[in-house]
Each structure stands twice: as C-alpha cells, then as structure tokens.
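Every heavy atom of this structure was used, including side-chain atoms; hydrogens, water molecules and symmetry mates were not.
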Amino acid sequence: MTVDYAKDEQFFEFVHDLAHRPGSGRGSERRDRQRRPYPCHQFVAPFRDARMPENDEYQPVLCHDLSTGGFSYFADELPDHDLIVVAFGAAPKFTYITAQVRYAKRVAQGASALFQIGCMFLGRINLEPTDAQAS
C-alpha cells in the first residue's frame, strides 16, 4: 500500500468529478475552492501509523459538502485523531482517500446536536502493490 500525496492525477480527477456532479447546488462560499452539497453516506476511519484501517474501524457518516480540496461530514462525537481514511463510492470499488481533520464545530441537526467535521484531502491510497512490494 502506498499513499500518493498531491501528485496523483486520478485522485484529482476523482475529487473534481465528485465536486462537480450535476445537481450540486451553489451556496455562499468564503473559501477559494467552491464547496458543493454532498449529502450522502460514506465511511471514515482513523489513519494511524500509515497503516490501512481494518474493516471494523470504519464508521458510516453523513457527508455535508465537498470541494476539490476537502469535504465535511457530521459525527456524534469529536474525532480523537487528526488523520482519517475516507472510503468514497460503493463496495467493493471504494476509492480510499487520506484527509486531515482541520476543524470541528457543534451544529444543530434536528432535535439533536452534532459535530460538523471539516477535512482537507491529502492523497489517494493505492492498494495495488508497487514493483518493490511485488518482488
């Protein structure tokens, strides 16, 4: 497994396609990268010691928005880690992306309060063995 940080064309194409799907609305935006609503369920897990998380470490989350630089999601609790792996897409063809938690803020969601967790994309995890790993 390798993590391809910020130089993977397929990663940027993937994120660009997600962020620019038809039907994504445009809201008020203060960032230099336009965020679009992305109300779908994905899976996140802590990324510790540069190792791929086990399947039981992933938790389903409701995403809030997405841009070419990052995304945010809702959680019941504050994360206890700074780096995460996000499984975008659907099984068995997930695309695994590493991201850094940049902020967490408490938000009202219906009758309960949740945390909105904002993350910056770092790179795509390549699960294919490299030449050095294959030999």
Side-chain angles (χ1 to χ4, degrees):
M1 170 190 75
T2 60
V3 180
D4 302 322
Y5 288 104
K7 57 185 172 199
D8 182 339
E9 287 181 39
Q10 290 177 337
F11 163 68
F12 286 109
E13 287 175 18
F14 170 79
V15 173
H16 180 76
D17 289 345
L18 281 178
H20 292 91
R21 283 189 175 157
S24 295
R26 182 179 180 156
S28 63
E29 183 54 48
R30 296 180 312 229
R31 296 172 182 87
D32 57 350
R33 293 182 173 144
Q34 181 182 357
R35 289 207 175 241
R36 296 177 181 264
Y38 191 65
C40 69
H41 287 90
Q42 300 296 296
F43 295 93
V44 300
F47 189 51
R48 295 185 176 111
D49 303 322
R51 72 162 181 82
M52 192 67 177
E54 299 293 328
N55 287 341
D56 64 352
E57 294 180 84
Y58 286 91
Q59 299 294 316
V61 296
L62 175 61
C63 294
H64 176 252
D65 61 15
L66 178 79
S67 77
T68 56
F71 81 112
S72 68
Y73 66 93
F74 296 110
D76 294 328
E77 299 175 358
L78 289 170
D80 63 353
H81 43 275
D82 293 332
L83 299 175
I84 62 171
V85 174
V86 187
F88 280 111
K93 294 253 183 194
F94 287 117
T95 298
Y96 296 96
I97 307 293
T98 57
Q100 180 181 36
V101 174
R102 301 292 288 203
Y103 71 85
K105 65 181 180 180
R106 194 170 189 91
V107 295
Q109 185 75 8
S112 63
L114 295 173
F115 293 97
Q116 181 180 346
I117 313 299
C119 302
M120 178 179 74
F121 292 133
L122 297 175
R124 183 176 63 93
I125 294 177
N126 180 5
L127 296 178
E128 300 297 322
T130 63
D131 291 338
Q133 292 170 329
S135 47

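- Put simply, OH on Y103 and CD1 on I117 are 8.5 Å apart, with the number rounded to the nearest 0.5 Å.
- Heavy atoms only, all atoms of each residue included: A104 and L78 are closest at CB-CD2, 3.5 Å.
- The CG atom of D65 sits 11.5 Å away from atom CZ of R36, with the distance rounded to the nearest 0.5 Å.
- Between Q116 and S72 the shortest heavy-atom distance is NE2-OG, 3.2 Å.
- You'll find the side chain of I84 reaches within 4.5 Å of the side chain of Y73, heavy atoms only.
- With sequence neighbours left out, Q59 forms a side chain to side chain contact (heavy atoms under 4.5 Å, CB included) with no residue at all.
- C119 has its side chain within reach of V101: a pair of non-hydrogen atoms, C-beta onward, lies under 4.5 Å apart.
- At least one side-chain heavy atom of Y38 sits under 4.5 Å from a side-chain heavy atom of F88.
- Separation of the F47 and H81 ring centroids does not fall under the 6.0 Å cut-off.
- Atom CZ of R102 has 12 or fewer neighbouring heavy atoms from other residues, nucleotides or ligands inside a 6.0 Å radius.
- Heavy-atom minimum distance, T95 versus R124: CG2-CD, 4.0 Å.
- A 4.5 Å side-chain heavy-atom check between D76 and L114 finds at least one atom pair inside the cut-off.
- Between F121 and F71, the ring planes are parallel. Angles under 30° get that label, and only those over 60° would be called perpendicular.
- To the nearest 0.5 angstrom, H64 atom NE2 is 12.0 Å from C40 atom SG.
- L62 contributes atom CG, which lies 6.0 Å from atom CZ of F74 (distance to the nearest 0.5 angstrom).
- Taking each heavy atom of Q42 and C63 in turn, the nearest pair found is CG-SG, 3.6 Å.
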